[in-house]
Enquirer: 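Structure in structure tokens, see below.
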Protein chains: 2
Amino acid sequence: MNKFKEIFLDLEEKILNNEYPPHTLLPSENQLIKMYGVSRETIRKALNLLTNAGYIHKKQGKGSIVLDMNRFDFPISGLTSYKELQKNQHIPSETIVVELKKIATPKELSKLTEWPVASEIWKLVRQRKIDNEVVILDKDYLLTSVVEDLPIKKAEDSIYEYFEEELGLNIAYAQKEILVEPVTKEIKDLMDLHGDEHVVVVKSLVYLEDTRCFEYTESIHRLDKFRFVEFARRRKQN
Amino acid sequence: MNKFKEIFLDLEEKILNNEYPPHTLLPSENQLIKMYGVSRETIRKALNLLTNAGYIHKKQGKGSIVLDMNRFDFPISGLTSYKELQKNQHIPSETIVVELKKIATPKELSKLTEWPVASEIWKLVRQRKIDNEVVILDKDYLLTSVVEDLPIKKAEDSIYEYFEEELGLNIAYAQKEILVEPVTKEIKDLMDLHGDEHVVVVKSLVYLEDTRCFEYTESIHRLDKFRFVEFARRRKQN
DNA sequence: GTAGATTTGTACGTATGTATA
DNA sequence: GTATACATACGTACAAATCTA
């Protein structure tokens, strides 16, 4: 592990454990240099990671102020997100593979992904159940030339873990789009929508280290189960 | 302007002008050092800005690959976003101030913002019209101790421009939450919803340089007019 | 397949500028 | 005004990944 990554993780842990509570200052860069026995640049890289993750705000001449994260996790929106629920593991969640087969790339998909029309891809459709209701439907399309084998057992778990740890794929970045669309008959049949006429659709193009696009995903959420939180900085960084 | 910011802007422009087309490599860091006559760190900071903005992907031992942005701006979703529409200025857009007055901070808002209950704030409600339909409704709540004066003329334009350029406020960062909520009677009355029973709500807490929260905003979008695009990197940076 | 050149990543050191207290 | 703290910038060295001959 890199030094700056280690320092980042250490400071992150201390912030989360309230050793550095919100509205207080972190030790100055000079102090951190002595505490960790590294150079200034290494400290600054660690602090940049904290900044980008929304943990602190640096102010010239003053110091690094600890922010209180997740104001939105508190009261206002009664429900916490699916992801949160899963992470806390308190609520049982289940994945059902509805469809897993090889198909030829349709024309519309080819436009988005730049995969050759009719090239062979996997189509994977999965239902995500919470409290015995299908509230998320995931549709994945994957290049078979990159993912040759896709066992159903892996699809029931996390395909990303399978890609990265077993296939050694290096996933680099993704372009994502969030929008609301009317429900189709297929979606109505596969989800428990309580009569909603719309769903939230998160579309993603996922790329490897060599900048090849190898996956297109549509993650379809029931309106009341969708939530997206972001930390945004005005202007620059560094 | 900083050197690295200038270099970033220069490279960004060249990428957008296709002088560095997608799938090609930027000049190496060593070449850029000579081209711009600066040190390596300066070049690397500029490249980091490009990386974070999703323009390039750096690969050790290889170089900086130019990505093609905005795959999603092309075909698939027939409509482009409100923001896009405004930016291109082709479609007339109009802002109507519905409400602008001082109120006392209600309890629920106080919980979120940590403003004292009953402290004085501005309440500003604005309709955003496109093609003569109200498709966005913006509700803003602002500390009067920070924004003492809020002329209606400014509210009809961009309040942010007013805050930053005329009041000299330094807006630093924001926490945002996106979710879908059922419509209230108030919203139904103020927007043209075509019978939709839901709206997309973007809630934001906005902070100043000194980490004071000075604004809370709810931006309410008609379902078919909402769109959010993101570039996401897996793992680290720097 | 290996060796060497190229390219980015990490790390340290130093100096100066600018904002804050 | 002085001290402190972060920001920018230059320079150097070596490591790790990639490419080429």
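Residue numbering restarts at 1 for every chain, and letters A, B, ... go by the order of the sequence lines.
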Enquirer: Identify, residue by residue, the members of residues 26-33 of chain A with a heavy atom below 4.0 Å from DNA chain D, and return them in order of residue number, or none.
Expert: A:Ser28, A:Glu29
Enquirer: Could you pull out all residues at least two apart from B:Glu161 that satisfy side-chain contact (heavy atoms from CB on, under 4.5 Å)?
Expert: B:Asp157, B:Ser158, B:Glu165
Enquirer: Output the rounded distance in Å from CD1 (B:Ile7) to C1' (D:dT8).
Expert: 12 Å
Enquirer: Specify the residue among A:Glu41 and A:Gly63 whose closest nucleotide of DNA chain D lies further upstream toward the 5′ end.
Expert: A:Gly63
Enquirer: Not counting sequence neighbours, which residues clear salt bridge (charged side-chain N to carboxylate O under 4.0 Å, His left out) with A:Glu156? List them please.
Expert: A:Lys153
Enquirer: Heavy atoms under 4.0 Å is the rule here; annotate nucleotides 16-21 of chain C 5' to 3' with B where the base is hit, S where only the sugar-phosphate is, and - elsewhere.
Expert: -BBBBS
Enquirer: Of all residues at least two apart in sequence or in a different chain, which pass the side-chain contact (heavy atoms from CB on, under 4.5 Å) check with B:Lys101?
Expert: B:Glu99, B:Ile103
Enquirer: Write down the distance between CE (B:Met1) and C1' (D:dT8), rounded to a whole number of angstrom.
Expert: 15 Å
Enquirer: Tell me, please, which residues at least two apart from A:Tyr173 pass ring pair (Phe, Tyr, Trp, His ring centres under 6.0 Å).
Expert: A:Tyr207, B:His57, B:Phe231
Enquirer: Taking NZ, NE, NH1 and NH2 as the nitrogens, is one of them in B:Glu29 or B:Lys58 under 4.0 Å from a carboxylate oxygen of the other?
Expert: yes
Enquirer: Sequence neighbours left out, what passes side-chain contact (heavy atoms from CB on, under 4.5 Å) with A:Ser145? Give chain and number order.
Expert: A:Leu143
Enquirer: With respect to the phosphate group of D:dC10, does any side-chain polar atom (N or O) of B:Lys3 fall under 4.0 Å of OP1 or OP2?
Expert: yes
Enquirer: Taking ring pair (Phe, Tyr, Trp, His ring centres under 6.0 Å) as the test, write out the residues that go with A:Tyr20, two or more places apart.
Expert: none
Enquirer: Measure the distance from CZ on A:Phe4 to C1' on C:dT10 and round it to the nearest whole Å.
Expert: 7 Å
Enquirer: How many whole angstroms separate atom CG of B:Leu50 from atom P of C:dT8?
Expert: 13 Å
Enquirer: Measure CD1/B:Ile43 against C1'/D:dG11 and give the value in whole Å, please.
Expert: 15 Å
Enquirer: Rounded to the nearest angstrom, tell me the gap between atom NZ in A:Lys34 and atom C1' in D:dA5.
Expert: 12 Å
Enquirer: May I ask you to decide if B:Trp115's main-chain N or O and B:Ser119's side chain share a donor-acceptor pair within less than 3.5 Å?
Expert: no
Enquirer: Salt bridge (charged side-chain N to carboxylate O under 4.0 Å, His left out) with B:Lys139: which residues, sequence neighbours excluded?
Expert: B:Glu186
Enquirer: Using the C1' atoms of five pairs at each end, what's the angle between the two axes of the helix from C:dT2-D:dA21 to C:dA21-D:dT2, to 10 degrees?
Expert: 10°
Enquirer: Taking only N and O in the side chain of A:Thr42, is any of them less than 4.0 Å away from OP1 or OP2 of C:dT10?
Expert: no
Enquirer: Would you kindly give the CD1-to-P distance between B:Ile65 and C:dT6, to the nearest whole Å?
Expert: 20 Å
Enquirer: Reckon B:Arg44 has a side-chain N or O less than 4.0 Å from the OP1 or OP2 of C:dG9?
Expert: yes
Enquirer: Does B:Lys45 put a side-chain nitrogen or oxygen below 4.0 Å from OP1 or OP2 of D:dA7?
Expert: no
Enquirer: Only counting residues at least two apart or in another chain, list the ones meeting ring pair (Phe, Tyr, Trp, His ring centres under 6.0 Å) with A:Tyr36.
Expert: none
Enquirer: Which residue pairs pass the salt bridge (Lys or Arg N to Asp or Glu O under 4.0 Å) test when at least one of the two sits in residues 11-28 of chain B, sequence neighbours left out?
Expert: B:Asp10-B:Lys14
Enquirer: Between B:Arg126 and B:Asp140, is the closest basic N to carboxylate O distance under 4.0 Å?
Expert: yes
Enquirer: Please report the distance, rounded to the nearest Å, between CG in B:Leu47 and C1' in C:dG9.
Expert: 13 Å
